[in-house]
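The chains referred to below are lettered A, B, ... by the order of the sequence lines, with proteins before strands, and numbering in each begins at 1. These numbers come from a predicted model, not from an experiment.
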Amino acid sequence: LQPRSTDDFNYATYHTLSEINSFIDALVQENPNLVSKIVIGQSYEGRPLNVLKFSTGANRPGIWIDTGIHSREWVTQASGTWFAKKIATDYGRDAALTAILDRFDIFLEIVTNPDGFQFTHTSNRMWRKTRKPNSGSRCAGVDPNRNWDAGFGGAGSSSNPCSETYRGTYAHSEPEVKAIVDFVTSHGNLKAFVSIHSYSQMLLYPYGYTKTPCRDQAELHEVAQRAVAALTSLYGTKYAYGSIINVIYQASGGTIDWTYDQGIKYSYTFELRDTGRYGFILPANQIVPTAQETWQALMVIMDHTKNNPY
Amino acid sequence: KENFVGHQVLRITPKNEAEVILLKELSQLEHLELDFWREPIDVSLPVDARVPFHSLQPVRSFLAYNEIHYDIMIADLQDLLDAEQQEMTKSRA
């Protein structure tokens with residue numbers, strides 16, 4: 001049974017790909033003047049790469065949010081679904097969000113890796129990568145967060161197709177990545193880009209492929225500090241923040257390194273809540289608190305983007 | 001559907017750089033089929049690894065022999081996944 005409306009949708013449980021796609025269609029149907037669905041491409045297995053566009057006017061700069069590029073991190077897709085409803089509900093009610101949407105479009109890709117996500121529901125709950133076969137190898141898939149043209153092939157990614165951090169044969173080889181690359185390039189006016197992963201409670205900014213600080217490091221750090229403070233204020237969840245290479249490890253070919261190098265200054269990536277007991281297999285009762293606290297941080301980033309045009 | 005009965009997720013806490021190097025070596029042993037949820041990078045970061053049932057004994061022995069501390073974060077992964085599935089089914093009902 002599908003929910004009759006997005007009000008009936010249970011945000012406190014995990015959902016299949018078809019349920020999320022039905023949710024997307026319902027949200028568009030219920031909010032025709034605010035929300036539309038755009039399809040930015042197809043996955044390797046031919047699934048549509050759906051993006052929700054929240055827009056209140058033409059020719060606006062954009063803010064991009066994606067969730068679920070690593071398919072097994074179900075709390076990210078679930079949080080993305082909650083964000084979508086939150087944006088639709090709060091526009092016109094919440095002054096801060098309304099002000100953002102009066103100046104910017106928000107693009108939200110809830111299931112960035114649909115083939116992998118479907119595979120986690122049907123065959124292997126632990127699947128993380130894309131699903132494209134690798135020629136000459138028994139192992140399929142590429143880590144889509146090592147497949148971007150930003151230090152591609154460098155340290156912190158693997159050339160072994162059986163590795164969970166396999167980078168692929170060339171940058172943007174994965175249609176799920178290439179679709180975003182093409183979208184970002186053709187849009188040309190994205191001002192913030194947030195890619196959401198789980199787990200380990202971190203808010204990170206570029207770079208991952210080099211120790212050289214990005215030129216906006218001081219500003220990005222200050223925004224991250226405020227975003228984390230806002231996040232923590234809700235449930236006390238502690239986050240680390242800083243550049244990828246300093247806070248976690250060297251990782252080449254990562255998403256936000258590429259977006260930053262494309263000129264999107266406010267490029268961030270989250271690693272969501274970790275209870276310390278379940279890793280990314282977060283119990284469903286943690287979905288809404290995770291989404292709520294993350295939303296606080298997202299609002300700080302989006303608000304800063306609005307107030308600091310460049 | 002892939003079954004994860006008996007798989008454990010270990011949280012390993014290296015106390016020095018030498019232990020990090022040992023864990024990196026462990027991660028290269030393909031026959032163990034370890035799935036590193038958090039890779040061995042630095043002493044300041046814990047390492048989480050899913051260990052298939054058939055690799056539990058050798059991995060535990062390796063950790064014990066090298067006196068590397070670990071806790072069992074998830075005792076049986078399939079139990080957790082079954083609970084997750086039940087929750088989804090219950091929600092639909």
Student: Side chains of A/Thr130 and A/Asp115: closer than 4.5 Å at any heavy-atom pair?
Tutor: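 No, their side chains stay 4.5 Å or more apart.
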
Student: What parts of residues 235-256 of chain A touch chain B if we use heavy atoms and a cut-off under 4.5 Å?
Tutor: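 So far as heavy atoms go, A/Val247, A/Ile248, A/Tyr249 are the residues that approach chain B to under 4.5 Å.
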
Student: Please indicate whether A/Gln29 has more than 12 foreign heavy atoms, meaning atoms of other residues, nucleotides or ligands, lying under 6.0 Å from its CD.
Tutor: no

Student: I need the contact set between residues 40-50 of chain B and chain A: heavy-atom distance under 4.5 Å, sorted by residue number.
Tutor: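 So far as heavy atoms go, B/Ile41, B/Leu45, B/Asp48, B/Arg50 are the residues that approach chain A to under 4.5 Å.
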
Student: I need the minimum non-hydrogen distance between A/Pro144 and A/Lys129, along with the two atoms involved.
Tutor: CD-CA, 4.3 Å

Student: List the atom of B/Lys24, the atom of B/Ser27, and the distance in Å for their closest heavy-atom pair.
Tutor: O-OG, 2.6 Å

Student: Is it the side chain or the backbone of A/Ser123 that comes within 4.5 Å of chain B heavy atoms, both, or neither?
Tutor: backbone

Student: Please classify the contact of B/Ile72 with chain A as side chain, backbone, both or neither, using a heavy-atom distance under 4.5 Å.
Tutor: neither

Student: Near B/Glu67 CD, under 6.0 Å, is it more than 12 heavy atoms from other residues, nucleotides or ligands?
Tutor: no

Student: What part of A/Thr16 gets closer than 4.5 Å to chain B, counting heavy atoms only: side chain, backbone, both or neither?
Tutor: both

Student: Kindly indicate, with the supporting measurements, whether the criterion ring pair (Phe, Tyr, Trp, His ring centres under 6.0 Å) is fulfilled by A/Phe119 and A/Phe117.
Tutor: CA-CA 5 Å; A/Phe119 199 65; A/Phe117 189 61; over 10 Å; no

Student: Would you mind checking which part of A/His15 comes under 4.5 Å of any heavy atom in chain B, side chain (CB onward), backbone (N, CA, C, O), both or neither?
Tutor: backbone

Student: Could you tell me if the side chain of A/Tyr14 sits less than 4.5 Å from the side chain of B/Ser91, heavy atoms only?
Tutor: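 A side-chain contact is absent here, since even the closest heavy-atom pair is not under 4.5 Å.
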
Student: For B/Glu84, is it the side chain, the backbone, both or neither that has a heavy atom under 4.5 Å from a heavy atom of chain A?
Tutor: side chain

Student: Do B/His7 and B/Asp35 meet the criterion of a side-chain donor-acceptor pair at a distance under 3.5 Å?
Tutor: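 No donor-acceptor contact under 3.5 Å links the two side chains.
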
Student: Are any non-hydrogen side-chain atoms of A/Asp143 and A/Arg128 less than 4.5 angstrom apart?
Tutor: yes

Student: Under 4.5 Å heavy-atom distance to chain B, tell me which part of A/Asn285 shows up: side chain, backbone, both or neither.
Tutor: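 A/Asn285 has no heavy atom closer than 4.5 Å to chain B.
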
Student: Go through the atoms of A/Trp127 and report whether side chain, backbone, both or neither lie under 4.5 Å from a heavy atom of chain B.
Tutor: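 Contact with chain B involves no heavy atom of A/Trp127 at all.
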
Student: How about B/Phe53: does its CZ atom have over 12 heavy atoms from other parts shown lying under 6.0 Å from it?
Tutor: no

Student: Do the two ring centres, one from A/Phe280 and one from A/His70, sit under 6.0 Å apart?
Tutor: no

Student: Between B/Arg38 and A/Asp274, does any side-chain N to carboxylate O distance fall below 4.0 Å?
Tutor: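 Salt bridge between B/Arg38 and A/Asp274, a charged N being under 4.0 Å from a carboxylate O: yes.
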
Student: Please state whether the rings of A/Trp258 and A/Trp148 are parallel, tilted or perpendicular, taking 30° and 60° as the class boundaries.
Tutor: tilted

